[in-house]
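What follows is one structure encoded as structure tokens, with my remarks underneath.
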Amino acid sequence: MEVDEFEEVKVDLRKTIEALSKSEDFDPTLMKKIKNICKKNDRNVCLAQKLLYVQLRRNHCVVRLNCVQIIDQLFQRSHSFRNLVIDDFQTFVDLTLGADPSKPLPLPVSQNKKLRRESIKKIKEWHQKFGEGYKKLKLSFNFLKQIVDFDDLSLINDEERLKQRERQEKLERLWAERIRKVGDEIAEYELDIESWFTRTENMLEALEGNVDSSSFSEEISGQYNILNRRLLPKTKAWIVTLTKAGNSTDHDLMRRAIDIKNRLAASLVKFEALDLTFDTSTDLDIKAEDIKTEKSSDVVQDPTTWEATVKKVTGQDLKLNLQLEDKIVKSEVGDGDSVENADPTPGSSGSSSVPKICLKDIQEPDRMIVDPEKSRFWVSDHREGQVLSMGSTKVVSEFSGTAEPIKWSCRAKLASGKLCPRMDRVKCPLHGLIVARDDSGEVVAQEEKKLIFDQAVKPKAKKKGMKSAEKWDETSRSRIEKKIFSKSTAMRVAKDLKKYDKIRTKDKFNDQFNY
């Protein structure tokens, strides 16, 4: 009796653990059921640990992630379960961290980082809470410090971590080089800046006596332009670069740049206090109104049109409006959407009119610029650069009726034994006219047709379950990329390009025997 009861518990626990580990969303109800079973006795706890490690060995990263969460829940509550996990701790580390290159984590790749991070986080929490009471857990944690960074929750030799470190070192080298260039520029400009300060101070001191400022106007303007256009922008650029460098910046260099900027800003205030008009124009200033550009149209008109023929005979471009937007449209239609013939044909009644046409329904033909480099056709009639009309003007109108949904399918019997699921209104392109059929696909009598056609086809409900590891990261884009960038497609494209290149160069080098 006891054996049968244990078998029932075993089956129930196995199904519950398997269902929870394979669910995309962690179900707390199933987790509570597992806890209740494990509460009964330690035998069930041992059974749960074995079943969890069976699921933990599956080649699905999401299944392993769910198992880690279940193990953590039981590890926090059961002393027996903690002893079982710690005794086989190496297996847990190999299956969840993927530190051994010979035992990488399974697909999907997008969940590998999450599984590894969550596992390291749980081990860290276990050590903080139970490390003092379980010596083996403490020793295992200290050993893992050689390969695991518990602060960053990642492996020390993790590929992504190494790439991030390389990027950081590259940025540090880049900013160090920029700081070095700023230092060289400050040293190069320092003599010029001091010379500028000396000349400016002497000039300002001369202006402070009853000396006429008009005699120094040209030199004042020159000094002001050097300050406003050269020294101040350069100093601001130094400060911006040193500020963006962050912790890598040279603080002494930053202090020198700020001091130079403050001195230049004080000199700028003194210049503006002189109440003089400075000549800020340069030889390179070009007024916008002096620049005249002639727009040339690349559109080549068709020489066979009526307008081109009139222009060729008379020498004048009449520019007649042969479209529907003429004077009649503007006078009679106004803001409306329809066009009527206001001048009836002679001999006809005044009430006769042409059919109404909505201007918004008129669709102009697409235009294409002939470019052999971008076209998939070889152009040999010297039309390169011309604009061609593709098609003609069309009148497109919206469907004014109501579309009734199709409530029946073809239901013709297929070779596989299934029924054709196509839902066409009148005719199936595979089996002809749609007629009423029974459940086996046979044509029913005429009086039973209406009954079959009135019944809507009920779609079969798809089974819900976890995606396979191979299809977990699959998207419509990735599926298309597999087809487009496959080896056979690349070979076919290369073959076509080689053929087009041969056609392109055949006429150019056919008679040149030097090649």
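- The nearest pair of heavy atoms linking L414 to C420 is CG-N, 3.9 Å.
- We find that R411 and D438 are not joined by a salt bridge, their nearest charged nitrogen and carboxylate oxygen being 4.0 Å or further apart.
- Each ring-ring contact (aromatic ring centres under 6.0 Å, His included) pair with one or both residues in residues 146-171, not counting sequence neighbours, appears once here: F141-F150.
- A donor-acceptor distance shorter than 3.5 angstrom exists from the side chain of S21 to the backbone of E18, with no hydrogens or angles considered.
- I156 contributes atom CD1, which lies 8.5 Å from atom CZ of R165 (distance to the nearest 0.5 angstrom).
- No more than 12 heavy atoms of other residues, nucleotides or ligands lie within 6.0 Å of CD in E404, so this atom counts as exposed by the packing criterion.
- By the side-chain contact (heavy atoms from CB on, under 4.5 Å) test, T29 pairs with D27, sequence neighbours left out.
- Side chain of S478 to backbone of E474: no donor-acceptor contact under 3.5 angstrom is found.
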Show which side-chain atoms of residues 103-110 pair as donor or acceptor with protein atoms under 3.5 Å away, not counting sequence neighbours.
from : atom 1 : to   : atom 2 : distance (Å)
S110 : OG     : D473 : OD1    : 2.4
S110 : OG     : D473 : OD2    : 3.3

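- Counting only heavy atoms from C-beta outward, the side chains of F485 and T489 never approach each other to under 4.5 Å.
- Legend: side chain to side chain donor-acceptor pair (under 3.5 Å) pairs involving residues 424-433, not counting sequence neighbours, sorted by first then second residue: R422-D424.
- Salt-bridge check for K163 with E159: passed, with a basic side-chain N closer than 4.0 Å to an acidic carboxylate O.
- Electrostatic pairing of K234 and E188 does not count as a salt bridge here, judged by no charged N lying under 4.0 Å from a carboxylate O.
- By the 6.0 Å contact criterion, CD on E160 is open, its count of non-hydrogen atoms from other residues, nucleotides or ligands being 12 or less.
- Residues L144 and I147 are in side-chain contact: their nearest non-hydrogen atoms beyond the backbone lie under 4.5 Å apart.
- When every heavy atom of N66 is checked against every heavy atom of F26, the shortest pair comes out as O-CE1, 3.9 Å.
- Between M31 and L74 there is a side-chain heavy-atom pair separated by less than 4.5 Å.
- The pair E481-R477 meets the salt-bridge criterion, since a charged nitrogen lies less than 4.0 angstrom from a carboxylate oxygen.
- To the nearest 0.5 Å, atoms CG (L115) and CZ (R117) are separated by 13.0 Å.
- Side-chain contact between E24 and W472: present, with at least one pair of heavy atoms (C-beta onward) separated by less than 4.5 Å.
- With values rounded to the nearest 0.5 angstrom, D88 atom CG is found 10.0 Å from L56 atom CG.
- In this structure the side chain of K495 never reaches within 4.5 angstrom of the side chain of K499, judged on heavy atoms.
- Listed by first and then second residue, the ring-ring contact (aromatic ring centres under 6.0 Å, His included) pairs that reach into residues 160-189 are Y189-W238, sequence neighbours excluded.
- More than 12 non-hydrogen atoms from other residues, nucleotides or ligands lie less than 6.0 angstrom from NZ of K122.
- Proximity of V54 to I17: side-chain heavy atoms (C-beta onward) are nowhere separated by under 4.5 Å.
- Q164 CD: 12 or fewer foreign heavy atoms inside a 6.0 Å radius.
- Within the 4.5 Å cutoff, the side chain of Q55 has heavy atoms near those of the K22 side chain.
- In this structure a side-chain-to-backbone donor-acceptor pair under 3.5 Å is present from R116 to L97.
- Rounding to the nearest 0.5 Å places CZ of R180 at 12.0 Å from CG of L253.
- Inter-residue side-chain proximity for T241 and I179 is flagged as unmet; no heavy-atom pair is nearer than 4.5 Å.
- For residues 49-59, no residue pair satisfies the salt bridge (Lys or Arg N to Asp or Glu O under 4.0 Å) rule, not counting sequence neighbours.
- Ion pairing between a basic and an acidic side chain is recognised when a charged N comes within 4.0 Å of a carboxylate O; K114 and E118 show no such pairing.
- Counted within 6.0 Å of CG on D184, heavy atoms from surrounding residues, nucleotides or ligands total more than 12; the atom is thus considered enclosed.
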